[in-house]
Amino acid sequence: MSRFWKPGTEKPRIVEDEEGGILFYSASPSSSGQGYESLRQRLPAYKYRTDILYLVETHATTIVVGETGSGKTTQIPQYLKEAGWAEGGRMIACTQPRRLAVQSVASRVAEEMGVKLGEEVGYTIRFEDITNPELTRIKFLTDGVLLREMMDDPLLSKYSVIMVDEAHERSLATDILLGLLKKIQRRRPELRLIISSATIEAKSMASFFSASRRIHGREDEEHGPRKVPAILSVEGRGFTVQMFYSEEPVSDYIRAAVSTVISIHDEERMGDVLVFLTGQDDIDAAIQLLTEDSHKRKQELIVLPLYSGLPRADQDLVFSPTPRGKRKVIFSTNIAETSLTLEGVVYVVDCGFSKQCFYNPMTDIENLVVAPISKASARQRAGRAGRVRPGKCYRLYTEEYFINEMSADGIPEMQRSNLVSCVIQLKALGIDNILGFDWPASPSPEALIRALEVLYSLGVLDDDAKLTSPAGFQVAEIPVDPMVSKMILASNDYGCSEEVITIAAVLSVQSIWFSARGVQKQLDEAKLRFAAAEGDHVTFLNVYRGFIESRKSSNWCHKNHINYHAMKKVDEIRQQLRRVAQRLGITLKSCEGDMEVVRKAVTAGFFANACRLEAFSHNGLYKTIRSSQEVYIHPSSVLFRVNPKWVIFHSIVSTDRRYMRNVISIDPSWLTEAAPHFYQNQLFNPRPH
DNA sequence: CTGACCTGT
C-alpha cells in the first residue's frame, strides 16, 4: 500500500500528488490541521527546511532538485509562509503545468494547514478563481494563468516568492515564464524564485539564471541576494526499479510488448503492469493481440486502455483497485508518464517511442510523428514502477541503444512549435526585441521570423514590429490563437460576433465529434444531420444550436455522436470570450442566419490559409495560394467530395497527403478585401492549365 | 476516402 497510509487506520482515498499525479493519501484525520504535523515531518523535504529557507533568503534563485515523493510542492510554500514571506500583504505563488495538479495540491495544502480552500490558501486556473484578494497568502496556479496575470501586472509585484514547479518538463508556458521571470528579477531584486526541476535539467537551469547578458560589474554585491543560483537536492521516496533490456533490437514493438506482458504474468509475482505505447491505434492493436493470445489467462487479467480521448468513465476504470488474485494490465499513451499516476503498478514495459508534434516554419505545417523518446522520458517511465514497492522495467530496446544512441533530453516544446501565440504575448508585455530575447531554449530564427510575418500580415504588428493599437492589443487580450482573435475582431464590423465567437470556441477544443472504433458510419450519418453547404464552421453553428435547444443534454450529445465534455468546454470558452469581447468594446450581435458575413469574418482571420481547386482536378487536389502546396480536403470535413473552387482551412494534418481540417468555402474577392497587402494581385493572374 | 501524443489562456 501507499507509504502515506497506515494500515488499519482509515481507508485511503485518491488525490493528486505533488507531481500532478494521483496517489493514495490517508483520509483526512479530522477537519483540523493538527494531525498533519507528524506526517509533514516525515517527508524528505522536512530535513532540508532550514537549508531551503536559508538559500531562498540569500539567493535570488534557488533550484530544488526533488524526486518523487519528496514533498517539495506541498511543503516549500508552507515553509515560506511560516518564515514570513507572505507578510505585509505579499503572496507566495506556486505554478504547475496542469490544472488538475493545481487544484489537488492547493486542497492538500489547505487541508494540512487546517484552513478553508480559497481563503489563506487558494488557486486559480482558467474558468476558476478560488482566491480571496484580502486573505490569500499562498496561491497555486497554472503557469499559463501567471503569464496572463503579467499582462495586468508585468512585474508580478504582489508576489514575494514565485515557485515554478515541474520546470524540467520544458513546456511552452514554463519556458516563456522562466525567460520573463529572469527579466523581472533585474527590476525586482527582492523577488525570489524557486525552480523545481528533475536532476537532468538542473544544471542548464542554473546556467540560464546565472548568465547575465548585461554589463558585468554593475551588480551590487554588498546588498541583496546572490545572483548565482543555489542548487539543493532533496531525495525522493521512490523504490528501486530493476532494468531489463532487449538483447536484440525489436522490430515490432507492439508484438514485443504483448509477449513481455505474458511472460511477466507467467513468471512474476502479483502487481499491475503499465505498458507505454504511442497512440490509440497501437493500444487497440496490442489489446486485441493480448486477448487473442491469452484466452487461457483471461480470468486473471484485467486489460485496460488509457489515453486522453477515452471517455471519462473508461478512464476511471484504471483507478479502481485490482481485485485479489487478478492482475491489471494498462496499455497507455504518454498520459501516464506525467499527467496521471497509477497506484499499484510494479512492472513497466517501455516501447521507447512516443508521438511528438514538430512544426516546420518553412511550410507552416505541424507534423505528428512517432519518434524515439529521450533518456529523461525513459527514466520517468521506469520510475512509474517504483511507487509501491521495488519494481521492474522492461525496455524494448537494447542497453547499447539506451547508452549510446538515446538523446539525454527531449527537444523543448519551444523549439518545435508554432510561435505565433508566444510572440504576441511577449509583444503585449513590451518585449520589443523578440529575436534577442533570452530564452531558456532558443527557438529557431526561422520560426520566430515566421511568427512575426504572420502577425504582421494580420495587422497586429506594424512596420516597426510593434503591436498596433487598438487591434494588436485587442488580439493579444483574447485568450485564443491570434488568427482566431482576428476573426472575432472582424466579426464586430460584420455584425456577427455571436456566431463567430461560437465558432472560435469550437475551433479551440480538440474535436466536438465523438469517434470510436466501429462507429465511423454512424458518426458520418450524424454529421449529415448538421452539415452546412458553406462548410465545417457553419456546421459547428448548427451543432451548437442543437446543443442549446436540447438544454445542453448529454443524452442528446450521445444520440448525435457529439462529445458532451467537448461541448461543455465550448460553452465555457464561449462565455469567457463573450466577456472579453465586451470588455474590448465588441458588440455582441447575431447576424440572424446571414452566413456570408460569418464567412467574411473567418476570411479576415484565416486569409493566409486560402486554397484553390486545381482546374480539371478529378481527385480534389487544391493548391495553397501563398505557397502552391498541394493539399486535399480531409475526409472528415463536410466539404469532402464537394470540392468548392475556393476554400479556407483552419489547420492541416500531414500524413501521406496533406489534409485540410475544418474547411469553409469563400469567394476569392473577399481575400483581397480582407488582406489587400497580402494578396496584391497574385490571385487573378491567369495560370496556364 | 481518414486522423486525435500531451498540455494551456
Side-chain angles (χ1 to χ4, degrees), chain A residues 20 95-102 124-129 141-151 166 169-177 276-284 306-310 332-340 351 353-358 366-371 373 377 410 413 416-417 421-422 424-425 428 476-482 484-485 504-505 508-517 520-521 523-524 563 566 569 572-573 576-577 579-580 619-620 632-637 640-641 643 651-662:
Chain A
T95 73
Q96 295 290 321
R98 282 169 289 277
R99 296 162 52 91
L100 219 63
V102 168
T124 309
I125 55 180
R126 189 182 191 181
F127 310 131
E128 231 182 308
D129 183 11
L141 66 176
T142 51
D143 30 29
V145 168
L146 191 61
L147 278 175
R148 282 280 152 186
E149 283 190 3
M150 289 182 76
M151 291 179 61
E166 311 292 342
E169 285 186 24
R170 309 304 304 269
S171 75
L172 206 52
T174 306
D175 269 12
I176 301 172
L177 190 60
F276 283 103
L277 295 175
T278 65
Q280 189 180 345
D281 282 351
D282 280 6
I283 290 169
D284 289 344
L306 180 64
Y307 47 87
S308 91
L310 212 59
S332 174
T333 60
N334 252 3
I335 192 169
E337 192 179 303
T338 49
S339 304
L340 298 173
C351 77
F353 292 92
S354 70
K355 282 198 186 175
Q356 292 163 39
C357 199
F358 291 90
E366 286 181 328
N367 254 320
L368 193 64
V369 295
V370 173
I373 61 168
S377 264
E413 208 182 348
R416 45 188 180 85
S417 302
S421 291
C422 165
I424 196 172
Q425 258 181 316
E477 189 83 8
I478 306 175
V480 288
D481 184 271
V484 179
S485 299
S508 303
V509 301
Q510 286 275 355
S511 169
I512 58 166
W513 304 109
F514 186 80
S515 63
R517 290 220 141 185
Q520 266 102 348
K521 207 169 175 181
L523 172 60
D524 287 342
N563 183 334
K569 204 170 166 194
E572 275 186 319
I573 296 173
Q576 187 189 31
L577 292 178
R579 279 196 304 274
V580 175
N619 60 350
Y632 297 84
I633 294 181
H634 195 280
S636 67
S637 167
F640 178 64
R641 277 207 278 238
N643 294 336
S651 63
I652 284 195
V653 292
S654 200
T655 51
D656 52 330
R657 280 178 172 184
R658 284 171 180 160
Y659 287 106
M660 304 182 264
R661 285 181 59 200
N662 296 331

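The chains referred to below are lettered A, B, ... by the order of the sequence lines, with proteins before strands, and numbering in each begins at 1.
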Name all residues meeting the ring-ring contact (aromatic ring centres under 6.0 Å, His included) criterion together with A:Phe353; count only those two or more places apart in sequence or in a different chain, and write none if there are none.
A:Tyr253

Classify every nucleotide of nucleotides 2-7 of chain B by which part a protein heavy atom approaches to under 4.0 Å, writing B for the base, S for the sugar-phosphate alone and - for neither, in 5'-to-3' order.
BSBBSB

Could you state the CD1-C1' distance from A:Ile125 to B:dG8, rounded to the nearest angstrom?
11 Å

Roughly how far, to the nearest 0.5 Å, is the CG atom of A:Asp524 from the OG atom of A:Ser636?
9.0 Å

Aromatic plane relationship, A:Tyr659 with A:His634 - under 30° parallel, 30 to 60° tilted, over 60° perpendicular
perpendicular

To the nearest angstrom, the CD-P distance between A:Glu169 and B:dG8 comes to 11 Å

Establish, with yes or no, whether the OP1 or OP2 oxygen of B:dG8 is under 4.0 angstrom from a side-chain nitrogen or oxygen of A:Ser171.
no

Are A:Pro479 and A:Arg126 side-chain neighbours, meaning at least one heavy-atom pair lies under 4.5 Å?
yes

Without hydrogens or angle criteria, can the side chains of A:Glu166 and A:Thr174 be said to hold a donor-acceptor pair below 3.5 Å?
no

Within the 4.0 Å heavy-atom criterion, would you say A:Leu147 contacts the bases, only the backbone, or no part of the nucleic acid?
nothing

Derivation and outcome, side chain to side chain contact (heavy atoms under 4.5 Å, CB included), residues A:Glu149 and A:Leu141:
CA-CA 10 Å; A:Glu149 283 190 3; A:Leu141 66 176; 3.9 Å; yes

